[in-house]
Each structure stands twice: as C-alpha cells, then as structure tokens.
Amino acid sequence: MKLSSGVLLEILNGATPEKPVLQVINAKKITAPNTVDRYRLLLSDGDHTYSHAMLAAQMNKFLENEELTSYSIIEVTKYMCNTLGEKRVIILLDLKVITSGTDVGERIGNPAQLGPNNIPKPSEVQKVDNDNSVPTAGANSIAQKGTLQVKNNQNNNNTVMANNSSTPNTPNRAIHVIASLTPYQNRWRIRARVTHKSNVRTWSNSRGEGKLFNVNLLDDSGEIRCTGFNDQVDKYFDMLEVNKIYYFSKCTLKTANKQYSTLKNDYEMTMNAETIIEPCNDDVSLPVLTFDFVKISDLEKCKPNSNIDVVGIVKVCNDVGTVIGRQSQKEITKRDLQIVDQSGVAVNLTLWGEDAVKFDGQGYPVVAVKGARVSDFSGRSLSVSGASQMMVNPDIKESHVLRGWFESEGRDLSFSTFQSEGGSAGGNSTNWKIFQQVKNENLGQGDKADYYTAKGTVMFMKKDNCMYQACPTAECNKKLIDQGNGLYRCEKCNREFPNYKWRMILQANVADHSDNQWITCFQESAEQMLGIKADELGSMREQDEMQFDQVMRDALFKHYIFRMRAKVETYNDESRLKTVCVSATPVNWQEYGRKLVEQIEQLGV
DNA sequence: CCCCCCCC
C-alpha cells in the first residue's frame, strides 16, 4: 500500500486532501493527573514525518486494544489541522488501519522531519475561512460503531430529525473542534450538538448560593460539559434544546474534575458574560450520542462507583416503589429493571424519580444508558444517575442486533446473575475487608460513601477533644459556646441553656494484620469501645483526670467487628479519606472463627 | 461558583 506522498505538507499548508494514507511511526501516551490519556503520534507520508499529531480521545481504543501499533498504515477518514499558538497540530478524528504494524515492520522510505523551520507559520497559511474548514473526507462520513449519526439532508434509516430551523446570522469563521479546546487558547468557535441538558439546580453553601445548569456538547472530535450559572441560566437555559446544534464561543475553559465528570474530556466549559451561543441550521452531519458499551458480563471488571455505557433488553420491569434517602430523609421514587444481553448475564438497573415513574416496560424494550453508575450491591448492579442519559429503543445498530437476538433466542434463555462477595446466599452486603484492601481498592474514593466491615484491634485513642459539651435538646448535638456566666449558647437552636450533655468524637487508630486505619467514633461506638457512658466519662474527667486516663488505657488492644463508612472529604483543596465507625461490636470468636474457616475453604487448598 | 442523584 502506497503512502500519500507529500500529503502532510499539503495539510499543514491548509489544504484538506481526502483520505490520506499515512504511516504511524510511533505513538506516545500523554498522561496528566485527573485527565483522560491522550496519544501523540509521529506520522509519516513517506516523504516527511510530523510529530505534532494527536489522536482524538474517542479513538484511543485503537491504541489500547493494539489494533494500531508502530508502523501501521492507516487511512485517515476524518481529520483536522488546528493552530495552537505557533504550532500546527493535526488531529485524527477517524481512521482505518489498512496494514497492521507487524506486517509492515519498518519505517517506509526515508522521510525527512517537518518542524517549525520547514513548515509554513500559521499566519502564512492560506485561510480557508468558511465552514468547509472542518474536513469531512468523503461525501458521507462513516458513522462510528455505536454512533447515531444525523444526516440532516438525507433520508435514511439512521436519520433522527433534528430540525435547526432558525437562520444563523453569523459571519463565516473557522470552526474549531471540541477536542482541540484548551484553557490556553480562547479564540475559538465550535459547532456542537447538545446531547444532554440538566434541570436548573440551586445551591446554597458557605461560599454562597445560586443556580446552575449544564449541557453536554458533542461534535465529530469529542464531547465536553458546559455549565451556566445564574445570569447565564436566564439567558441560555430555555434557548438550548437537546439534539439541536449551536455555535459556541468565548466560554471559560477549565480542567474538568474527573470525580464528577463522566465525559471524555480533560476540560469543561463555563458560560460567562462574553459567551456567544447561536443556533445552527446548516446541513451538517454531527453525531447524536456516542456510546462505548460494556457487555453485561464484563461489569464484573468495572470498578464500583464508575460510570459505564450499557445496552440491554428489559426482561423484568418491577413496579414503582419508594425508599427513604439516608441523607435527605426524603421519600424517593424508584423502579428496578432487570436487563439482559447476549453475554448471558442479567443485571439490575435502577431508575429514579421521573425516569422511574414514566418508564414503560411493555414489550421488552431496549434501554441504552450512557454513564450508568456501577455499584457492587449484590455483586454488580446499575443505576441511572442524574449524569446518565437513558434512551429507550434507540435507533442504533446495537439496539437492532439485540432485538433480533432476543426475538430469536434470548427470550428463552436463562441468565446468570452476579454474586455478592463472601459467598453467602442472598444479597448479603456485609462487604468484609482487611485494611490493606480498603487502601488497594480505593474504598471511599468515589463520590458516594463505601461501607465495609472489618475486624480490628484498638491501637491508640486521642484524648484531646474527644468529647464536647453539646446542646441538651434531644435532636441537636451542636457544640455549645460557654458564655462564662454559667450559660451555654447553641448557635443552631439560637438559645442559651444552663446545662449541657456530653457528646463524643473519638479519633482512634485500629489495626489488623495487614494495615491500620484512623477512624472517627461518635457517641454510641465510642461509648462501646470505652465501656462507659459519655455523661459519666465527662464528669469523671472534670473530677478525676487520672481515672479518666485509666479508662482510655483500659480500652486499648481490644478487638471489635467494626462497621465503617469511608468517604473522601475535601477541605481547602486537600482531600483525605474520612472513615467513620458506624458501630463497634465485640468479637464473637466462635462466629468469627467460622467465617475464617469458610474463607480458608474458599481458597480451595 | 456545582459535584446531590439516594434504598436494599
């Protein structure tokens, strides 16, 4: 296969030749904390090599599954050339591997390196100042696997009507692609489809209050989240509609917090007072939603609290039910579905709120969820969170294939389910861990607390600040302010009291054979571990410090079964794992011994 | 500047 000689120089000169055939000499992974990995490529057209080339993030799988290796020959079906400062960067948006790297085995020809000295400066590049500056090689760009492609100007089974009816009164200016946006460059304009719009949410905390919403934006190169606060909510919330295409410019780019973002982008955008958003009614071909489906059987390999894309047939649709939120104490509507796919495994998918109420499970519908939340409840289960996007019977290939499979054979199959760990029957979610596992498995690093059970020995307790004078009101445990006049003030109840009750916050270090863990014990667990009621201990400390010290010493080196809640908390940009001891129960040695025997048997020795 | 998305 011949390389497209000289094509790199043409591209850098501003031309957009179709389907260039290039050799990938090598690829280098660029990693940075809290970002999606990106790959920088050294490309060759046989005459020249060029190293300022990037693979669009959604094409990473080509390298990660080793389909694309060094020396591979590729046909680039979609690409673009962007200017970043004084650099011209070629971004590969879509490609086909024509010959594998191992079959080629070497660098073709003797290409000379292109660099700043022998390529035109961006300012010298002939401006291709119209919408054609996004090259879509070939008359019809090929929809990627799992991509719903809209062709506004064609009748075709894949067509989803997305009518952008208003006329853009926008001057023709070069269009940038989402993959090329960075915080270091603010002269850009993208054309993107809104694939998701949140509701308006209000917040109120120590840093202030306000309202916000976000939209997810998608173009050929990638996706990005865009958030509008306060004034921008009023200005753009109603205007932006899901599935429609808009021009965006002058938003603020910042590093995305991966803890909260499910989108494949290192950055996210915030609308500001200068932001310009205009509807686009051109005949443009932009993807609607890209999925990266995980087979249900592969959920086992997915980390709890991660977000994945899944598609399945709704085999069982349970009735709507309600639960009480642990934190909010509010009643929440939910509906459990059981979904299945060709992997022969069934998994529970929980819908919440409106999604749960509105869902119609008649006729075994297909559901596709982008960004479903994985949990380890009963082995594995899934949840449609606010950041997820759910489509029922979407018009995508996977959906039709799944339907065909279900009608022909899937309907009559029996499916296996995930098993909760520990081996006990039923949904036993005790989740036994040793402290080393707690660290290795990054428990509590997700945005939701992780609960686990561990057997541990008390190694140390901090005496300082282990108890405080709390508001005597039954439900209020707030620390009182000693007024010095025999009265104590509660800021929460806005009252003064002559009395108080003792409450405990005991920091303890507990260990097992593998590691140790600092934990916070509140009233009940602290009283259990110290073997004394907080009120008694409080007055003891005031009357006889030595006796108090003795109680603390006597509590050391005792063994408990601890129920823990682990969650990362962030103070002043510094995050650390906070482990709260929910309960401490003295070890029942018979029962614990039986559990160890069971574990040993499971080793199969 | 949010970041809650829940339950067994």
Side-chain angles (χ1 to χ4, degrees), chain A residues 34 196-216 225-234 237 251-263 268-273 275 304-307 318-338 347-357 369-390 417-418 420 422 424-431 445-451 563 565 567-573 575:
Chain A
N34 299 321
H196 181 256
K197 182 170 83 165
S198 75
N199 293 326
V200 176
R201 204 174 73 231
T202 55
W203 85 89
S204 171
N205 60 28
S206 58
R207 273 174 288 194
E209 55 182 61
K211 58 182 175 180
L212 76 135
F213 79 110
N214 8 251
V215 284
N216 292 351
R225 184 166 74 158
C226 180
T227 305
F229 292 96
N230 304 319
D231 291 353
Q232 276 65 51
V233 176
D234 300 333
F237 181 78
C251 295
T252 309
L253 270 287
K254 61 168 192 171
T255 305
N257 186 338
K258 286 287 151 187
Q259 200 185 329
Y260 304 119
S261 169
T262 56
L263 299 192
E268 59 185 33
M269 314 200 300
T270 307
M271 298 170 197
N272 60 53
T275 293
N305 300 329
S306 62
N307 291 292
N318 289 294
D319 290 338
V320 175
T322 55
V323 293
I324 305 292
R326 199 195 303 117
Q327 291 168 50
S328 64
Q329 292 300 310
K330 280 185 195 152
E331 199 173 75
I332 311 147
T333 316
K334 73 156 200 170
R335 187 196 293 270
D336 282 325
L337 309 177
Q338 191 189 51
V347 71
N348 186 84
L349 174 70
T350 305
L351 314 185
W352 301 97
E354 280 284 277
D355 283 342
V357 175
V369 186
K370 186 176 171 61
R373 167 68 59 102
V374 179
S375 107
D376 60 359
F377 182 74
S378 49
R380 280 292 178 278
S381 55
L382 298 171
S383 176
V384 175
S385 77
S388 312
Q389 287 157 262
M390 181 176 66
T417 53
F418 294 103
S420 29
S424 328
N428 178 3
S429 58
T430 308
N431 200 21
Q445 303 292 321
D447 53 2
K448 192 184 133 190
D450 284 315
Y451 285 76
R563 184 72 181 155
R565 181 174 65 229
K567 168 127 170 58
V568 162
E569 296 198 344
T570 307
Y571 299 101
N572 303 326
D573 289 342
S575 56

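Numbers restart at 1 for each chain; the letters A, B, ... are given by sequence-line order, proteins then strands. Model, not experiment: these values are computed from the prediction. Because only heavy atoms are used, hydrogens play no part in the values below, and waters and symmetry mates are left out as well, while side chains stay in.
Between the P atom of B:dC2 and the CG atom of A:Asp231 lies a distance of 16 Å, rounded to the nearest Å. Atom NZ of A:Lys567 and atom P of B:dC3 are 11 Å apart (whole Å). Note: CG (A:Asn214) to P (B:dC5) measures 15 Å, nearest angstrom. Rounded to an integer number of Å, the gap from CE of A:Met271 to C1' of B:dC2 is 14 Å. Per the geometry, CZ belonging to A:Arg207 stands 9 Å off C1' belonging to B:dC2, to the nearest Å. The distance from atom CG of A:Leu382 to atom P of B:dC6 is 12 Å, rounded to the nearest whole Å. Nucleotide B:dC5 holds its C1' atom 14 Å from the CD atom of A:Glu354, rounded to whole Å. Taking atom CG of A:Asn305 as the reference point, atom C1' of B:dC4 lies 15 Å away to the nearest angstrom.
Checked against side chain to side chain donor-acceptor pair (under 3.5 Å), A:Arg225 has the following partners two or more places apart in sequence or in another chain: A:Glu268. Legend: residues meeting ring pair (Phe, Tyr, Trp, His ring centres under 6.0 Å) with A:Phe237, ordered by chain and number and at least two apart, are A:Phe213.
Closest approach to the A:Leu212 side chain among B:dC6, B:dC2, B:dC7 is made by B:dC2 (side chain taken as heavy atoms from C-beta onward). Out of B:dC2, B:dC7, B:dC5, the shortest distance to the side chain of A:Arg225 is found at B:dC2. Listed candidates were B:dC2, B:dC6, B:dC8. Nearest to the side chain of A:Arg201 is B:dC2. Proximity note for A:Phe377 (side chain, C-beta onward) versus B:dC6, B:dC3, B:dC8: the nearest is B:dC8.
Residue A:Asn305 is tested with A:Asp376, A:Val374, A:Asp450 for a side chain to side chain contact (heavy atoms under 4.5 Å, CB included); the sole match is A:Asp450.
Ion pairing between a basic and an acidic side chain is recognised when a charged N comes within 4.0 Å of a carboxylate O; A:Arg335 and A:Asp355 show no such pairing.
An OP1 or OP2 oxygen of B:dC5 is reached within less than 4.0 angstrom by no side-chain nitrogen or oxygen of A:Trp352. A:Lys211 has no side-chain polar atom (N or O) that falls below the 4.0 Å cut-off from OP1 or OP2 of B:dC1. OP1 and OP2 of B:dC7 both lie 4.0 Å or more from every side-chain N or O belonging to A:Thr322.
Taking 3.5 Å as the limit, the base of B:dC6 and the side chain of A:Glu331 contain no donor-acceptor pair of atoms between them.
Between A:Pro304 and A:Arg380, the shortest heavy-atom distance links the atoms CD-NH2, 3.9 Å.
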